[in-house]
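The sequence lines fix the lettering, A, B, ..., with proteins before strands; numbering per chain opens at 1.
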Amino acid sequence: MRRALLAWYRRWARDLPWRRTRDPYRIWVSEIMLQQTRVETVLPYYERFLAAFPTVRALAASSPASVLRCWQGLGYYTRARNLHRAAQTIVAQRGGRLPESAAEWRNLPGVGRYTANAIASIAAGEAVPVVDGNVQRVLARLFAIRACIDDSATQTRLWQLAEMLLARRAAGAFNQALMELGARICTARRPSCTVCPLRSQCRARAEGLQERLPVRRSKRPPRQVELVAAWVRHAGRLLLVRRPAAGLLAGLWTLPGTEVRDGQPPARVLRASLRQALGIEAEVGERIGLVRHAFSHRRWVVHVYACRLSPRRRPVRAAANMRWVDRAQLGEYALAAVDRKLLALAR
DNA sequence: AAGGCGTGGAA
DNA sequence: TTTCCAAGCCT
């Protein structure tokens, strides 16, 4: 099995930038970006990030805002904050020397069992297994595991299997090969069994179960939330506010606004929110659009209104989490994808 | 154990 | 349009 898999990988592995280096810093950055994120999505971010922060020292010396700007649009923003924090810890406590074992990597924020083992096996050849979504699927099929993949007992078994199968003298290549197989051949839907290097050893295929495995727990549908946002311009500038430091899209910038409880009139809620949260007296004008956005765990419907400051209450002094922004300066503010949609409405 | 935490592509 | 999901981690 190892021989077939490694031979397949040598022949078919995609040429990816993080496969062209053994620099632990670069491997680390790639693994963090790849958490729950597709290769094609990561590629441009990876190149930009390493151009901006080519070493762990450069990353540690940068500002949180600049790291977040580089990450904007990639999602799961805690990853960026953890990466930055970890870089500062590495410089402050280890003189910039990166961890050298999976156990050491595991101590860094944002580095769990999968990521620690991935980095250590790929960058240093340490003989430790990985189990990610790909490996779960490949092993569940290879061994025809019908138990729910989310059960902790099943997880334990998958890690044991990955450990048992591991090609210990080529751990990095083996781990990547298993994941590559899951990404390219043993896909979630319509796996390409006829060209799979493990087809003769796959129990799911022998039993015709490959399309039905693995079995996952069904997730309950995301909660729907209605919001209202304000497009406030004054003297050629647009009002932005910074989201709270914790929670959804923490630390990113957005249009001012708030949640609308069911049945409430959006325009009135918005006017009250601007006054109470920001001390701004504004007239809420026409609705310039409706934006729908889906997160992993909730769905937003955002009403966007054009607003103008009440004439006698100007000028407005910006609080710490509030900025009047020139169009030319917009690039200095990290925005989530949902807020790109909001801004695109009124251009 | 289960839910918070993003996004975009595929079916 | 909706659903599922992709190189997970943290609480």
Side-chain angles (χ1 to χ4, degrees), chain A residues 13-14 16-19 27-46 68 71-83 85-86 105-119 121-123 129-138 148-156 158-159 162 172 174-184 186-190 211 214-225 243-244 246-252 254 292-301 334-341:
Chain A
R14 285 170 291 181
L16 302 173
W18 46 88
R19 289 182 176 159
I27 308 284
W28 175 32
V29 170
S30 78
E31 288 299 339
I32 299 300
M33 286 190 169
L34 285 163
Q35 289 172 359
Q36 297 287 283
T37 311
R38 296 172 188 283
V39 165
E40 313 82 69
T41 304
V42 165
L43 283 170
Y45 283 91
Y46 181 76
L68 207 47
W71 207 274
Q72 61 178 326
L74 191 55
Y76 287 138
Y77 298 97
T78 299
R79 296 183 294 176
R81 228 176 306 282
N82 282 339
L83 195 56
R85 268 207 301 146
W105 279 107
R106 187 72 175 77
N107 291 325
L108 296 177
V111 178
R113 186 175 181 187
Y114 161 79
T115 302
N117 288 8
I119 299 170
S121 63
I122 295 169
V130 298
V131 175
D132 72 331
N134 288 307
V135 177
Q136 285 178 22
R137 189 170 54 254
V138 170
C148 177
I149 209 79
D150 303 304
D151 291 347
S152 63
T154 312
Q155 286 294 313
T156 300
L158 291 172
W159 279 97
F174 178 86
N175 285 339
Q176 292 185 83
L178 216 43
M179 294 190 281
E180 187 81 348
L181 189 72
R184 308 279 290 176
C186 196
T187 48
R189 280 168 292 225
R190 299 176 44 102
E211 304 256 12
V215 175
R216 290 181 191 286
R217 208 193 323 280
S218 62
K219 273 177 286 195
R220 61 157 209 241
R223 188 163 66 90
Q224 311 239 15
V225 180
R243 297 178 184 279
L248 188 59
L249 309 177
L252 296 167
T254 184
R292 296 174 193 281
H293 189 79
F295 297 93
S296 51
H297 59 305
R298 77 191 50 172
R299 281 159 63 166
W300 280 3
V301 178
L335 300 173
V338 61
D339 292 302
R340 295 245 165 261
K341 291 187 193 173

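For Gly110(A) and Val39(A), each mapped to the nucleotide of DNA chain C holding its nearest heavy atom, the one lying further toward the 5' end belongs to Val39(A). Map Pro109(A) and Glu31(A) each onto its nearest nucleotide of DNA chain C; the residue landing nearer the 5' end is Glu31(A).
Distances shorter than 4.0 Å separate some side-chain N or O of Arg216(A) from OP1 or OP2 on dA6(C). Between Arg137(A) and the phosphate of dA6(C), there is a side-chain N or O to OP1/OP2 separation shorter than 4.0 Å. Contact check, Arg299(A) against dT3(C): a side-chain N or O comes under 4.0 Å of OP1 or OP2.
Taking atom CD1 of Ile149(A) as the reference point, atom C1' of dA1(B) lies 16 Å away to the nearest angstrom. Spacing between atom CZ of Arg85(A) and atom C1' of dC9(C) amounts to 12 Å, rounded to whole angstrom units. Rounded to a whole Å, the CZ atom of Arg217(A) is 19 Å from the C1' atom of dT3(C). Note: CZ (Arg220(A)) to C1' (dA2(B)) measures 9 Å, nearest angstrom. In this structure, Arg223(A) atom CZ and dG4(B) atom P are separated by 8 Å, rounded to whole Å. To the nearest angstrom, C1' of dC9(C) lies 14 Å from CG of Asp132(A). Spacing between atom NZ of Lys219(A) and atom C1' of dG8(C) amounts to 12 Å, rounded to whole angstrom units. Taking atom CD1 of Ile32(A) as the reference point, atom P of dG8(C) lies 11 Å away to the nearest angstrom.
Around the CZ atom of Arg14(A), the shell of radius 6.0 Å holds more than 12 heavy atoms that belong to other residues, nucleotides or ligands.
The ring pair (Phe, Tyr, Trp, His ring centres under 6.0 Å) check on Trp300(A) picks up Phe295(A), with sequence neighbours excluded.
Spacing of P atoms, dC5(B) relative to dA6(C), comes out at 22 Å, to the nearest Å. The same atom, P, is picked in dT11(C) and in dG6(B); the two are 14 Å apart, to the nearest Å.
As judged by a 4.0 angstrom heavy-atom cut-off over every strand, Trp71(A) is placed among residues making no nucleic acid contact. Within 4.0 Å (heavy atoms only), Ser152(A) reaches sugar-phosphate atoms of the nucleic acid but no base atom. Residue Val42(A) is classed as having no contact, given no heavy-atom separation below 4.0 Å to the nucleic acid.
When side chains are defined from C-beta on, Leu68(A) counts as touching Tyr77(A), because their heavy atoms get closer than 4.5 Å. Using a 4.5 Å heavy-atom cutoff, the side chains of Tyr76(A) and Gln36(A) are in contact.
Considering Val39(A), Leu34(A), Val42(A) as possible partners of Leu16(A), the one that fulfils the side-chain contact (heavy atoms from CB on, under 4.5 Å) test is Val39(A).
No side-chain donor-acceptor contact under 3.5 Å links Thr156(A) to the backbone of Thr154(A).
There is no side-chain donor-acceptor pair under 3.5 Å between Asn82(A) and Arg79(A).
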(request) Decide side chain to side chain contact (heavy atoms under 4.5 Å, CB included) for Tyr46(A) and Thr41(A); before the verdict, give the C-alpha distance in whole Å, the side-chain angles of both, and the deciding distance to 0.1 Å. (result) CA-CA 9 Å; Tyr46(A) 181 76; Thr41(A) 304; over 6 Å; no

(request) Could you run through nucleotides 5-11 of chain B and give me one letter per nucleotide, 5' to 3': B if any protein heavy atom sits under 4.0 Å from the base, S if only the sugar-phosphate is that close, - if neither? (result) BBBBB--

